[in-house]
Structure formats: structure tokens, C-alpha cells
There are 2 protein chains.
Amino acid sequence: MTADIRADHRPASPPLTERQEARRRRILNASAQLAARGGFDAVQMREVAEAAGVALGTLYRYFPSKIHLLVATMQDQLQHMHTTLRKRPPAGADPAERVAETLMRAFRALQREPQLADAMVRALTFADRGVSPEVDTVSRLTTAIILDAMGTDHPTPQQLSAVRVIEHTWHSALITWLSGRASIAQVKIDIETVCRLIDLTSPEGATRR
Amino acid sequence: MTADIRADHRPASPPLTERQEARRRRILNASAQLAARGGFDAVQMREVAEAAGVALGTLYRYFPSKIHLLVATMQDQLQHMHTTLRKRPPAGADPAERVAETLMRAFRALQREPQLADAMVRALTFADRGVSPEVDTVSRLTTAIILDAMGTDHPTPQQLSAVRVIEHTWHSALITWLSGRASIAQVKIDIETVCRLIDLTSPEGATRR
DNA sequence: CGCTAATCTAGAACAAGTTACAGACTTGAT
DNA sequence: ATCAAGTCTGTAACTTGTTCTAGATTAGCG
């Protein structure tokens, strides 16, 4: 009977030992490093295992597929970003501006490691049902970041819908950029466009300059 | 010098012979059939080749990768849908309604063959730079469908931005549905939410600039 | 018709994700 | 300290996308 290693932080199935936690971290670092070098294709399970000083089977015990591994890597990076963003909150006057500013800041961070971004985002959108819980965690993290930027403590259902759509746009716009079908400027426009939805749902609605 | 077989209809590189056109069609049909049965994973290149009565090497000459093949399959299906939709245009009163109605109709069509949808959409979002031209064709087709539904002959830049965001949302919402992370109802809400952007950009809409 | 280049076929070979397994090592409870 | 259960390692095998090759077929042209 084999207990699963939980890639998640939330529901602690078996509390990992020190060495296990260290292994997990080595694996995630190796993954991020290889990804930063050569993108999705460069994250090869055998190489990750070797770079992390771990047997291939062990890698698969911690992360049951390459997709799981990369989604976990994204979780990890998002967490960093979230704490970074919290330190310097966006300065815009209204929620829409602040969200756009936050996303553009995240976007600029991704531009610094485009290959890593490629690996993570491709994994995220390629993930099938088997990875849903992990992908959901990423989604919740993203939602949290956006809500933080809005500064809305108790979002209305309409506002949550707007946030969902913003997330959709964010992911899809990233993909078009990563695959070279949209410029950075275009992504900026798309983000700003979708953020106007927030105005639609804010108290006195639709007028904004 | 080996001439490429053009997966596209538009720029005729070498005009395919009758038998080649037939091969291409057999391949696309085989692909769609296998996809409809078991989704992305069931479209195995060897099986497609056999089902189409074609050698593996030939399959790769027509479609240089599995992703190319599935994106071409999507092009094919989209074309069907576009002509179908033209026959019975949406009846809504304003553009936003019509676009939402059209997308929901397309969504219902996809629901009838969820596995096929899975294969096509996964391929689309997984496609890397090498497939950009083909993915772009799909994107243009989608744009055409949405603009048709809007009924706007000369869209303003803002309207085009809105359409881009709608497309982003459409793709990403499909993915969340296909991977079981969002319900049909939720997709409906997302589509309706994003379509409100159209109102923002229509003449008497909220504001501009 | 007869040639030449391009295309097609069949099948082997290669690459990377994934699985399987035997044996060594930890860990935790007694 | 000891034992059982669970982990880790190293390695081979299997799967499926992709590439390669040699020989048969086809298409277009003089």
C-alpha cells in the first residue's frame, strides 16, 4: 500500500519528513532551472531526476507526471510572485487600473524568463482531468492575486465573474504571446480591455474615462 | 527539393492532385473519428495512418506533427460550423446577445462530441511557434464567426479588442470545461459576462477613450 | 512511349514519458 | 535494538511521437 506524496500544501496527507521536503524542493528547483534554460521540451524527466539527485521512480512518486511537475513548479513561482506583489501593492486609482497594473507587472516578470513561462503555461493548459486539483490550486492563487489588486473584500457574484473572465484572458493572452502570435503590446491591450469589465460591475457602473 | 503539402486552403503552393486531395481528406476524417472516440490520446499517428490507408511517412508529409494534424482537423470542423451558422443567424436584439448566442450554439455542438473537442482544443493551446500559421488561421476563422454574429461591417479598433478578449475567454473557458474544472453553466456565465464588453464599445455604450 | 523527379510504402530506428521491479535504505513502533 | 512497512535507487522495458531509409509507384514532360 503506497501513500501518495502530496504536492499540495493545503491538505496534509502524510507530513513529509525533512529529507522528503528537501527532495521535493530539489526537484522543483531542478525543474525550474531546466525550464528556464530550454522551455517545456528541456524539462526531461530523466534530467530533472539527475539534476535533483533522485531516482527516476522517486521523481514519479513525488510528481506523477511531467505535467504535474510543471504545474507544481508554477504553483511555486506564483507563490513567490504573490508575496512579492503584496510588498508593493499597485497604486492605481480604481480597481480596474490596479488589476491591469498588477497583471502587467506579473507579465513583465514572466518576460524575464520566457522559457520558464512557456513550460509552465503550456503545462497548465495541456493538463487533463487527472491534474485538475493542482490546476485548481493555481487558479485559486491567481484569483487571490487579482482580488488583492482590486482591493475588494467581499466581491459580488458579478465581480467574481469578471475576475474569472480576466483570468481566462490572462492565460490565453499569455499563450498567444508565448507562441509568438501576439506582441507584448497586444497583450497589454488585451489586459486593459478585459479589465474594463471591472468598471461594469463596480458600484455606479459604466462611466470611466 | 521537396515541396510542402499545404495544410491551408488559402495560399496554394502546389495544387494537390485528385488522389492527394483524397488522401488528405481520408487523413482528416480518420483523425476526427479517432478523436471523437477517445480524445487527444486516441489520435495516435500510426492508427491515423492505418485508418486512412496511408503510410506513416506520408501522414507526416501531409501533417508534420500530431499537433498540426489536430489543428487542421479543427480548421476543418470550424469551417463546417461557420457555414452552418451562416444558414441560421442568431436572432438576438443587440450584438452582445447575438455573439453570446452564437458561441453557446457552438458550445452545444462541441458538447455533442466532447472527446473531439478535447483533442482539438488541447492541440490548439499546446501548439508552439512551429504551428503558428495554422493556429492563426483557426483564430481568424473564429474572429470571422464572431464578427458575423455582431453584424458589424467595419469594426472599430475597440471592437476588435473586445473580440480578441472574447476569443481568449472562449478558448480558456472551453479548456476549464473540458478538464472538468467548470460546469456548462459556468461557461455560459463566462461567455455572457465577456460579451458585455461589446456593449462598452458600441456607439451609445458607456464611454470611450 | 520513356525518362526523371517527386511521392508513396513498409519497416526499422530513435527519443522521451511512463511503468515495473529487485534489492538497499529509512522510519517508526514495539 | 529489532522488525515490518514504507521509500529510494538503479535499471530495463514499454509506448507513442518522430525520423530515416531503400525500394516501388506516380506524375508531368519531352
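Naming convention: chains lettered A, B, ... in sequence-line order (proteins, then strands); numbering from 1 in each chain.
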Here the distance between atom P of dT7(C) and atom CZ of Phe63(B), to the nearest Å, is 15 Å
Show the numbers, then the answer: is there a side chain to side chain contact (heavy atoms under 4.5 Å, CB included) between Arg19(A) and Arg23(A)?
-> CA-CA 6 Å; Arg19(A) 304 183 58 194; Arg23(A) 267 191 211 102; 3.9 Å; yes
Salt-bridge contact Arg196(B)-Glu192(B) (side-chain N to carboxylate O under 4.0 Å) = no
Whole angstrom is fine here: how far is it from NE2 in His68(A) over to C1' in dT18(C)?
-> 13 Å
Starting at atom CD of Glu50(B), determine the distance to atom P of dG17(D), rounded to an integer number of angstrom.
-> 14 Å
Can you figure out which of dT9(C), dT18(C), dT9(D) approaches the side chain of Val54(B) most closely?
-> dT9(C)
So does Glu50(A) have more than 12 non-hydrogen atoms from other groups sitting under 6.0 Å from CD?
-> no
Whole-Å distance between dT9(D) C1' and Arg46(A) CZ?
-> 15 Å
Toward the 5' end of DNA chain D, which comes first, Arg19(B) or Lys66(B), by nearest nucleotide?
-> Lys66(B)
OP1 or OP2 of dT7(C) sitting under 4.0 Å from any side-chain N/O of Arg61(B)?
-> yes
Worked verdict on Glu134(B) versus Ile67(B) for side chain to side chain contact (heavy atoms under 4.5 Å, CB included) = CA-CA 10 Å; Glu134(B) 290 79 3; Ile67(B) 300 293; over 6 Å; no
Rounded to the nearest Å, what distance is computed from the CG atom of residue Leu59(B) to the P atom of nucleotide dT9(C)?
-> 10 Å
Counting just side-chain N and O atoms, does Gln20(B) come under 4.0 Å of either OP1 or OP2 of dT26(D)?
-> no
Is any side-chain nitrogen or oxygen of Tyr62(A) closer than 4.0 Å to OP1 or OP2 of dT7(D)?
-> no
Rounded to the nearest angstrom, tell me the gap between atom CD in Gln44(A) and atom P in dT18(D).
-> 15 Å
For atom CG of Asp41(A) and atom C1' of dA16(C), their distance in whole Å = 10 Å
Indicate, with a heavy-atom threshold strictly under 4.0 Å, whether Val48(A) touches base, sugar-phosphate, or nothing.
-> nothing
Whichever of Ile67(B) and Thr17(B) has its nearest DNA chain D nucleotide further upstream toward 5' = Ile67(B)
Using distance alone, with no hydrogens and no angle criterion, decide if Ser139(B) and Glu167(B) have a side-chain donor and acceptor under 3.5 Å apart.
-> yes
Separation of Leu56(B) atom CG from dG17(D) atom P, in whole Å?
-> 10 Å
Is any side-chain nitrogen or oxygen of Tyr60(B) closer than 4.0 Å to OP1 or OP2 of dC20(D)?
-> no
